[in-house]
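Worksheet for the structure shown next.
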Amino acid sequence: MQILYIILFPIFSFFQSYDWVSFEMVQRSNQKGKTTEVRSLVYFDKESQMTIRQLFPMDLFISNNSDGELVMYNPETNEVYQMMNFMMSSQQNQYYFFLQGKTDNMGLIELGFELEGSRLEDQLLISTFSAPPDVKQYFDKIEMVHEGRKPIFIGYIDKKGKYLKKVFYYDYMEDLSFMFPGSITEINYVEKNDSIIAKTSFKEFRVNDLAHKDMVAFDIPEDAKLIE
């Protein structure tokens, strides 16, 4: 099963007023000159239930909740994959932080990161967070940059001060009742002189749209094959 999964203003009043929000998402990634594209429809409700219907290059349904229960179903092969991991919680997804208006630290404090310090440069707020002990084996610090209330950059830094990953948030949409970037670009430095560049764009935000909800709803058949 080929899967490309997203390892994803006061909005509080937004979610008290509406039951769910949906949007279209296009992800393009490039490595060593090869580009892949995934088009999906995303549904996110006020209970933090996230459902993704991948429309291209294959029909695939992905469901994720706040407890970290992840279910992926391929209707073409009738295969289903399930796992439980709190780190896969929908409330650890970056879309959740935008939709809930929790962009001041993008959930880092809740994950055990500690704020080392902040400074202002050219009207940008630059904050540095130290990773908790169990995360330091992967990276040492996170640098976050805000322009006003908008996060525009997150950098993952190793112990030598080298960036392992950079995330840029931009093209913020002005016609929504909540803050959400129109585009996100991620650069992962996987090897020396090599990187994976992924750009995700969003459009067609809708609230309480039954047509979109029906498109992402799915039931797993009883005869579906469980993938171990």
Side-chain angles (χ1 to χ4, degrees), residues 3-28 37-73 75 86 88-108 110 144 146-154 167-186 198-220:
I3 296 168
L4 180 59
Y5 181 65
I6 316 152
I7 311 260
L8 268 106
F9 141 74
I11 195 72
F12 181 71
S13 60
F14 170 81
F15 264 96
Q16 283 195 328
S17 303
Y18 305 101
D19 292 326
W20 69 83
V21 61
S22 61
F23 50 90
E24 297 177 16
M25 177 173 65
V26 178
Q27 299 167 293
R28 295 184 178 91
E37 178 177 298
V38 175
R39 296 197 298 267
S40 307
L41 183 64
V42 181
Y43 159 92
F44 212 116
D45 69 18
K46 63 181 180 181
E47 303 300 328
S48 301
Q49 175 70 40
M50 182 172 70
T51 307
I52 299 173
R53 182 176 183 182
Q54 181 178 294
L55 305 172
F56 177 85
M58 61 185 294
D59 202 11
L60 182 69
F61 293 87
I62 304 169
S63 177
N64 190 21
N65 62 24
S66 59
D67 294 327
E69 181 181 5
L70 178 69
V71 178
M72 290 178 277
Y73 174 64
F86 179 71
M88 298 295 294
S89 167
S90 58
Q91 293 185 353
Q92 303 300 330
N93 186 290
Q94 59 186 340
Y95 307 149
Y96 167 82
F97 300 115
F98 283 108
L99 293 173
Q100 290 286 1
K102 298 182 177 181
T103 57
D104 54 341
N105 60 66
M106 299 293 281
L108 293 180
E110 295 177 6
M144 186 176 300
H146 284 78
E147 182 178 31
R149 301 183 65 184
K150 299 175 182 177
I152 60 172
F153 173 78
I154 294 178
V167 185
F168 299 88
Y169 304 93
Y170 52 102
D171 291 340
Y172 275 87
M173 290 171 277
E174 304 295 337
D175 57 344
L176 300 176
S177 58
F178 52 94
M179 182 185 298
F180 207 99
S183 302
I184 299 175
T185 295
E186 301 184 14
K199 179 178 179 179
T200 305
S201 57
F202 310 92
K203 64 178 182 178
E204 297 297 329
F205 279 77
R206 301 183 185 182
V207 174
N208 293 350
D209 189 315
L210 286 173
H212 271 195
K213 185 177 183 180
D214 290 343
M215 284 184 66
V216 299
F218 70 100
D219 292 316
I220 300 174

Rounded distance (nearest 0.5 Å) linking atom [atom1] of [X] with atom [atom2] of [Y]:
X	Y	atom1	atom2	result
Phe97	Lys102	CZ	NZ	7.5 Å
Glu110	Gln91	CD	CD	8.0 Å
Ile52	Leu41	CD1	CG	9.5 Å
Thr51	Asp45	OG1	CG	7.5 Å
Thr185	Arg28	OG1	CZ	11.0 Å
Ser22	Met215	OG	CE	9.5 Å

Answer yes or no: is there a side-chain heavy-atom contact under 4.5 Å between [X] and [Y]?
X	Y	result
Thr103	Lys150	no
Ser201	Gln27	no
Tyr170	Ser183	yes
Met50	Ser66	no
Arg39	Met25	no
Ile220	Val71	yes
Tyr172	Pro151	yes
Val26	Glu24	no

(message) Pairing donors with acceptors under 3.5 angstrom, does anything connect the side chains of Ser63 and Gln49?
(response) yes
(message) I'd like to know if the side chain of Gln54 pairs up with that of Ser40 as donor and acceptor (distance under 3.5 Å, no hydrogens or angles considered).
(response) no
(message) For Asp19, is there any backbone N or O sitting under 3.5 Å from a side-chain donor or acceptor partner on Asn208?
(response) yes
(message) Test your reading of the model: is there a side-chain donor-acceptor pair from Asp214 to the backbone of Ala217, 3.5 Å cut-off?
(response) no
(message) Tell me whether the rings of Tyr95 and Phe202 are parallel (<30°), tilted (30 to 60°) or perpendicular (>60°).
(response) perpendicular
(request) Taking the six-membered ring of Trp20 (Phe, Tyr or Trp), confirm whether the NZ or CZ of Lys46 is under 6.0 Å from its centre and within 45° of its axis. (result) no
(request) Using the side-chain contact (heavy atoms from CB on, under 4.5 Å) rule, take Met144 and Leu108 through it: C-alpha gap first, then chi angles, then the decisive distance, then the call. (result) CA-CA 10 Å; Met144 186 176 300; Leu108 293 180; 3.6 Å; yes
(request) Go through the structure and list residues passing salt bridge (Lys or Arg N to Asp or Glu O under 4.0 Å) with Lys199, not counting sequence neighbours. (result) none
(request) Give a yes or no on whether the ring-centroid distance for Phe98 and Tyr169 is below 6.0 angstrom. (result) yes
(request) Decide yes or no on side-chain contact (heavy atoms from CB on, under 4.5 Å) for Leu70 and Met72, but give the supporting numbers first. (result) CA-CA 7 Å; Leu70 178 69; Met72 290 178 277; 3.8 Å; yes
(request) Go through the structure and list residues passing ring-ring contact (aromatic ring centres under 6.0 Å, His included) with Phe218, not counting sequence neighbours. (result) Phe61
(message) Run the ring-ring contact (aromatic ring centres under 6.0 Å, His included) test on Phe180 and Phe205 for me, step by step, so that the C-alpha distance in whole Å, both residues' side-chain angles and the decisive distance to 0.1 Å come before the verdict.
(response) CA-CA 10 Å; Phe180 207 99; Phe205 279 77; 5.0 Å; yes
(request) Could you check Gln94 against Ile154 for side-chain contact (heavy atoms from CB on, under 4.5 Å), going step by step and ending with a plain yes or no? (result) CA-CA 11 Å; Gln94 59 186 340; Ile154 294 178; over 6 Å; no
(request) Any salt bridge (Lys or Arg N to Asp or Glu O under 4.0 Å) involving residues 55-71? Give me the pairs, sequence neighbours left out, ordered by first then second residue. (result) Arg53-Asp59
(request) Determine, step by step, whether Tyr96 and Ser89 satisfy the side-chain contact (heavy atoms from CB on, under 4.5 Å) criterion, reporting the C-alpha distance in whole Å, the side-chain angles of both residues, the deciding distance to 0.1 Å, and the verdict. (result) CA-CA 10 Å; Tyr96 167 82; Ser89 167; over 6 Å; no
